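Read the structure below first, then the notes.
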Protein chains: 2
Amino acid sequence: MASGPEQSRGRATIVDVATAAGVSRQTVSNALNYPQRVAPATLVRVHREIERLGFTPNAAAQQLRRRKASAYGFEVNPSGAGKMGHILDGFLVELTVAAPDHSCHLVTFAPDLTSLLAGYDQILSTGLVDGFVLGDTRHDDPRPAWLLQNDVPFVTFGRIWDEPHMGRWVDVDGRAGMELAVEHLLGQGYASVAYLGWPDGSPVGDDRRRGWLAGLADAGLADDPIAEEAVQDLAAATAAADRLLARLGPDSAILCASDLLALGALRAVRNRGLEPGRDIGVVGFDDSDVAEALQLSSLRQPLQQAAAEAWRIVHAKGTDLSLTALLAPTLTVRESTSRAGDTPARPPTPVPRPTP
Amino acid sequence: MASGPEQSRGRATIVDVATAAGVSRQTVSNALNYPQRVAPATLVRVHREIERLGFTPNAAAQQLRRRKASAYGFEVNPSGAGKMGHILDGFLVELTVAAPDHSCHLVTFAPDLTSLLAGYDQILSTGLVDGFVLGDTRHDDPRPAWLLQNDVPFVTFGRIWDEPHMGRWVDVDGRAGMELAVEHLLGQGYASVAYLGWPDGSPVGDDRRRGWLAGLADAGLADDPIAEEAVQDLAAATAAADRLLARLGPDSAILCASDLLALGALRAVRNRGLEPGRDIGVVGFDDSDVAEALQLSSLRQPLQQAAAEAWRIVHAKGTDLSLTALLAPTLTVRESTSRAGDTPARPPTPVPRPTP
DNA sequence: ATGCCCTATTTGAACGATCCAACTAGGCTG
DNA sequence: CAGCCTAGTTGGATCGTTCAAATAGGGCAT
């Protein structure tokens, strides 16, 4: 697989190939970077030697001469790794998979404790990366402005809500996703669709709530929208969902801003002796592992598309500020929204509680 | 933060610092790499100029000259990203956080479809990375042998079960973790501890099962161990747990090989009208987001330690084949194993099912 | 004073590739 | 037949750093 060069003093270099093919090193370089400049006969001869010697251009030498690393930094946050709804892990994977299509790669780095920008400045100043993919956008985020000011290529996953005119982002259209979910739920025969969301103030949450309302309006059901709020916590979600159920009639559905909230809804439903899907429809957001395990219908973010768009945007030349991509999520339908769902979780014979 | 060099033609280089400090470039290099070779007075002068000019050594130039990238590759697998129990995401984060301690960084790459080794060979041949951190170990894994044969530094997360004598791994002691869990459960007052595990044959699963048996033996309860098997699937796990409950007396506990299996156990327990924790103890493995959300006690892998050990091993010089680290997991105790747990999930007033 | 050693520092030469400008054949034009 | 153009090829310089060997300049013993 990796056969050594003439002299076994390491890997084959471009001059090894050149001498073997009887040409100059520049011709070998041209054969790889500008094939149209090289005579066809020479081209095949060079490529044969490249193949034979197992030559691969040295990345460090290319980076040095080209003044370009063809690498991008991705900040990973220790606090939220593996957390539910943290689709960043999946996004990173899809970015990595798509990276070769753009002949570049990804370098991970951890945030600097002193400053939000320090970590970025440091890895950038070594020339290790050309730019960044920001996996999240925070409120009052100083990073986009700083990067723009320093002419550093970047793209964020998540809209830059504070500055709507600022481009260079890719995001998932939570609003459209919610409309889709409402349509699905009504199509399944649920009479009404209530909403379990986060408290006002988070841009993402507000956007999703608007999607729910829009979905109701589309169906002409917007006259009396029923909603409850809960923070991202199971106990709070369960309690809020229970309040919701108290206000709802039969054959209702609950649309949730996250899988965790939906998990609370599932518990509240079961606590009332009801069966999710058959009695009450429940839809979550992010299609996390939990959703899959609990047979919870959920909106899935198109991470593969998002990664592709991210690479496109980060590589786009010029200062075009309107480089954006808004992608529609898809709905993964499971038992929690199917009326005729068999309920395998229920055991054949209920057993009374054993008394000590 | 990033002030330019004398001529604003890019970043400050080592010669910019040298001329500014009135020394040769090599002295600046020495000041950074071998400070003891430089006279104290010169040292402070050089460092002052480095600070003033905001100089950072160019990584590509260093890599080229040192013939060393100070980077390591980490293969990310598209199929299992974000999956429950996939602690690889967390491991990658901890590796990234700890990387600066070893003045190196991490480069992610996706598996090549043609061959398991092709992706490794390719990124290695460019000199982009010096070695690899393998996030998982498969059965009949050709990678460790290949890497060893080619003198490529590496370390695996997960023992190399096929070749017990082969070193260069860091792993979590599932067996010890299970013993710890059994001890905890018995200490909580549960009369017996049953086991819900994977079918025989997986090295990890068999190891954990042995830990359970060892824990029972330590307590003198090994005479009639009760266990059931299920594949990594919620429905199967729920059914198996239900079979287990049929065989168990009151005040028992179920120790599970994974959080997903434990999730099935929780459902089976609730389906019988019992309350996890109060009536039946349940313990999972991996302390995933689900465990946290469902208040499930679970064994947590010490990923931070694992990352530190991984860096130590991958950087260890020589061909010492016995470079290993076996770390003990910790138990995160939650309501599913606390007898006197309040049960916030139960609503104050049960409501009958609404009839249409 | 001469020789010698030791320390601090400097100079030359890589590392492996690409950019740039120059060079050589040819064929074509006027 | 001189001159021009183009395709194909080449050598020199360069990216920014570190390695290896050479130099300068004391201090100390002979």
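Order of the sequence lines sets the chain letters (A, B, ...), proteins ahead of strands, with each chain counted from 1. Since we're looking at a predicted model, the values are computed, not measured.
- The CG-P distance, from B:Asn33 to C:dT9, rounds to 16 Å in whole Å.
- At the phosphate of C:dT9, neither OP1 nor OP2 sits under 4.0 Å from any side-chain N or O atom of B:Asn30.
- Put simply, A:Thr13 has no side-chain N or O that comes within less than 4.0 Å of OP1 or OP2 on C:dC15.
- Rounded to whole angstrom, the span from the CD atom of A:Gln63 across to the P atom of D:dT17 amounts to 14 Å.
- Although no hydrogens or angles enter the test, the distance criterion places no donor-acceptor pair under 3.5 Å between the side chain of A:Asp173 and the main chain of A:Ala328.
- Per the geometry, CG belonging to A:Leu53 stands 15 Å off C1' belonging to C:dG16, to the nearest Å.
- Each of C:dT9, C:dT18, C:dT10 was ranked by its minimum atom distance to the side chain of B:Ala39; first place goes to C:dT9.
- When all heavy atoms are compared, the tightest approach of B:Leu303 to B:Phe157 is CD2-CZ, 3.9 Å.
- Remark: the B:Asn58 side chain and the B:Gln62 side chain contain no N/O donor-acceptor pair separated by less than 3.5 Å.
- In terms of polar N and O atoms assigned as donor or acceptor, the side chain of A:Arg25 comes within less than 3.5 Å of the base of C:dT18 in a complementary pairing.
- One N or O donor and one acceptor, one from the side chain of B:Arg65 and one from the base of C:dA14, sit under 3.5 Å apart.
- The side chain of A:Pro40 approaches D:dG8 more closely than any other nucleotide in the set D:dG16, D:dG8, D:dT10.
- Between A:Tyr120 and A:Phe109, the distance separating the two ring centers is shorter than 6.0 angstrom.
- B:Ile14 has its CD1 atom 14 Å from the C1' atom of D:dC15, to the nearest Å.
- Applying the 4.0 Å criterion to OP1 and OP2 of C:dA17, one finds that A:Gln62 has every side-chain N and O outside that range.
- DNA chain D is contacted by both B:Arg37 and B:Leu64; B:Leu64 maps to the nucleotide lying nearer its 5′ end (nearest heavy atom per residue).
- Between B:Asn58 atom CG and C:dC15 atom P there is a gap of 19 Å when expressed in whole angstrom units.
- Using a 4.0 Å cut-off, some side-chain N or O of A:Thr42 falls inside it from OP1 or OP2 of D:dT9.
- B:Arg66 has its CZ atom 11 Å from the C1' atom of D:dC19, to the nearest Å.
- A sub-4.0 Å separation between OP1 or OP2 of D:dT18 and a side-chain N or O of B:Arg67 is absent.
- With hydrogens and angles ignored, a donor-acceptor pair closer than 3.5 Å exists between the side chain of B:Gln26 and the base of D:dC19.
- Residues A:Arg25 and A:Asn30 have side chains that never bring a donor and an acceptor to within less than 3.5 angstrom of each other.
- Map B:Ala61 and B:Tyr34 each onto its nearest nucleotide of DNA chain D; the residue landing nearer the 5' end is B:Ala61.
- With rounding to whole Å, B:Leu43 atom CG is found 9 Å from C:dT9 atom P.
- As a whole-Å value, the separation of A:Arg45 CZ from D:dT9 C1' is 11 Å.
- Between B:Arg159 and B:Asp171 there is a salt bridge, since a side-chain N of the basic residue sits under 4.0 Å from a carboxylate O of the acidic one.
- Among the atoms of the strands shown, none is found under 4.0 Å from any heavy atom of A:Thr126.
- An OP1 or OP2 oxygen of D:dT18 is reached within less than 4.0 angstrom by a side-chain nitrogen or oxygen of B:Ser29.
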